[in-house]
Asks: 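Before I ask anything, let me first share the structure, which is written out below as structure tokens.
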Amino acid sequence: MKVGIIGLPCSGKSTLFQLLTGAAAPAPGSRPEARVGVARVPDSRVDALAELYHPKKKTPATVEYVDVPGVTKGEGSALVDLPALRGVDAFVHVVRAFESATVPHPEGAVDSLRDATILELELILADLGTVQRRRERLEASIKKANRAEDVAERAVFLKLEPVLEAGRPLRQLVPSLSEDERKRLRSYSLLSEKPIVLVVNMGEDELRDAAGFLAGAGLAELASAPGLALCPVSAPIEAEMARLSPEDARAFREDLHLDEPGLDRVIRASYALLGLLSFLTAGEDECRAWTIRQGTKAPQAAGVIHSDIERGFIRAEVVTFADLVAAGSIAACREKGTLRLEGKDYVVRDGDVINFRFNV
Ligand SMILES: Nc1nc2c(ncn2[C@@H]2O[C@H](COP(=O)(O)OP(=O)(O)OP(=O)(O)O)[C@@H](O)[C@H]2O)c(=O)[nH]1
Ligand SMILES: [Mg+2]
């Protein structure tokens, strides 16, 4: 999974990117440019499997994050065709809610609902430009050759335009499109079509009553629309916690009434929004979590590990994580009857521990 981090200037995007991926801050005064980094998906199940197997390697699932320069009001089209954003599955939109005398706000004052709305409109306007340009080209080509493929594509674009013109993101249209239309849509890098996690970067006071702040600022209502999720964090507090020992960090979090690290929440929110889940593989070489979409069948899940395993798929030996840990070993699961043999139509579930049988 790949997620682009976007937002107005100085909202805390790069700070969040560095915290998520462990990347170093760029040298002061260096030219702003896109950066790509990898975050590990926190998963205590991988640790529990490692206790059983003592593997040489323990590998969590990962999410790739892309940090891009801030979008200035009126300049949303800068995000179109940005090579680093090609192929992202979702956006994290960092909305500033923190006050600071030293960090200037591009709009003069902090107003997170206004900022969230400004950026959304930038995405919509950028898409409107893309869609109009593409449709004009299609019209010209239809006049010349009248190919059925172009006509079908124009039909989709004719559905997109009025939505964008009404100031609505394409995200809201997606649920009503057919599978074929969605596929066509996906081949263009349209911005307002992507799901968004609104990461609200707040100060310590706001974070103490995050739910109250989000409701009061109107962000909770904004984020109740389809394809949006909301996630409060405080970048400086996360940075401070990253420096503490795990015990001290836990005590700090309890003091702030936070049940898990803010960064874990950001990663989990992206997972949930995209309908992703993890299945696991366990052995003496490696215990590992793998990411798939909900509804993925066993052979395609195998394909995430290696295309040969998908191609030569015979069956999957499946046990739930809970059953494996309770029994202590695959052999014990086999005896108890909790190890299942599943075929090519099996839909993989979150927390399945799988051994694929294949032949190539
Ligand atoms: N007080 C306070 N300062 C913050 C917070 N988050 C980020 N900052 C500071 O704000 C400044 C800008 O942060 P960045 O993470 O570089 O912001 P950005 O969104 O990447 O900025 P651009 O890439 O220029 O658009 C830095 O000096 C940060 O230390 C926060 O939650 N509270
Ligand atoms: Mg930045």
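Indexing begins at 1, ligand by ligand and atom by atom, following the structure's order. Positions are given from 1, in the same order as the sequence printed here.
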Asks: Taking N or O atoms only and a 3.5 Å limit, does Gly70 qualify as a polar contact for ligand 1?
Replies: yes

Asks: So Phe279 and Phe356, would you call those rings parallel, tilted or perpendicular, with 30° and 60° as cut-offs?
Replies: perpendicular

Asks: Using distance alone, decide if ligand 1 has a nitrogen or oxygen within less than 3.5 Å of any nitrogen or oxygen in Gly12.
Replies: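 Among all N and O atoms of Gly12, at least one is under 3.5 Å from an N or O of ligand 1.
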
Asks: Might you point out which heavy atoms bring Ala23 and Gln18 nearest each other, and give the distance in Å?
Replies: O-CG, 3.3 Å

Asks: Under the 3.5 angstrom rule, does the side chain of Asp352 hit a backbone N or O of Ile354 as a donor-acceptor pair?
Replies: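 Side chain of Asp352 to backbone of Ile354, a donor-acceptor pair under 3.5 Å: no, none is there.
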
Asks: Please report the interatomic distance CG(Leu274) to CZ(Arg293), rounded to the nearest 0.5 Å.
Replies: 6.0 Å

Asks: Strictly below 4.0 Å, N to O, side chains only: are Glu342 and Arg340 in salt-bridge contact?
Replies: yes

Asks: To check your reading of the model: name the closest protein heavy atom to atom 24 (O) of ligand 1, its residue, and the distance in Å.
Replies: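 Sorting protein heavy atoms by distance from atom 24 (O) of ligand 1 puts Cys10 N, 4.0 Å first.
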
Asks: Examine ligand 1 and decide if any of its atoms is less than 4.0 Å from a heavy atom belonging to Gly7.
Replies: no

Asks: Is the closest basic N to carboxylate O distance between Lys2 and Asp89 below 4.0 Å?
Replies: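 Answer for the salt bridge query: no.
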
Asks: List every atom of ligand 1 that sits less than 4.0 Å from any heavy atom of Pro9, numbering the atoms from 1 in the order shown and giving each element.
Replies: 25 (O)

Asks: Please state which protein non-hydrogen atom is closest to atom 16 (O) of ligand 1 and give its distance, to 0.1 Å?
Replies: Ser14 CB, 3.9 Å

Asks: Look only at interatomic distance and state if Ser234 has a nitrogen or oxygen under 3.5 Å from any nitrogen or oxygen of ligand 1.
Replies: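 In this structure, Ser234 places no N or O atom under 3.5 Å from an N or O of ligand 1.
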
Asks: Is atom 7 (C) of ligand 1 less than 4.0 angstrom from at least one protein heavy atom?
Replies: yes

Asks: Check Lys194 with Asp127, please: is the shortest side-chain N to carboxylate O separation under 4.0 Å?
Replies: no

Asks: Could you tell me whether Glu139 and Arg135 make a salt bridge, using a distance below 4.0 angstrom between a side-chain N and a carboxylate O?
Replies: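 The answer is yes: the pair qualifies as a salt bridge.
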
Asks: Any idea how many protein N, O or S atoms are nearer than 2.8 Å to the Mg ion (ligand 2)?
Replies: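 Step by step: take the Mg ion (ligand 2), keep protein N, O, S below 2.8 Å, and you get 1.
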
Asks: Quick one: nearest non-hydrogen protein atom to atom 1 (N) of ligand 1, plus distance?
Replies: Phe98 CD1, 3.7 Å

Asks: Pull out every atom of ligand 1 sitting under 4.0 Å from any heavy atom of Asn201, numbered as shown with elements.
Replies: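 Every atom of ligand 1 under 4.0 Å from some heavy atom of Asn201: 5 (C), 6 (N), 30 (C), 31 (O).
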
Asks: Nearest to atom 19 (O) of ligand 1, what protein heavy atom do you find, and at what distance?
Replies: Lys13 NZ, 2.6 Å

Asks: Please list, in number order, the atoms of ligand 1 under 4.0 Å from a heavy atom of Val103.
Replies: 9 (C), 10 (O), 11 (C)

Asks: Quick one: do Asp150 and Lys144 make a salt bridge, cutoff under 4.0 Å?
Replies: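 A salt bridge is absent here (no side-chain N lies under 4.0 Å from a carboxylate O).
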
Asks: Salt bridge check, Arg35 against Asp67: does any charged N sit closer than 4.0 Å to a carboxylate O?
Replies: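 A salt bridge is present here (some side-chain N lies under 4.0 Å from a carboxylate O).
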
Asks: Do the charged groups of Arg208 and Asp255 touch, with an N to O distance under 4.0 Å?
Replies: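 Yes, this pair counts.
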
Asks: Tell me the closest heavy-atom pair linking Ala126 and Leu191, and the distance in Å.
Replies: CB-CD1, 3.7 Å

Asks: What atoms of ligand 1 come closer than 4.0 angstrom to any heavy atom of Thr15?
Replies: 7 (C), 13 (O), 14 (P), 15 (O), 28 (C)

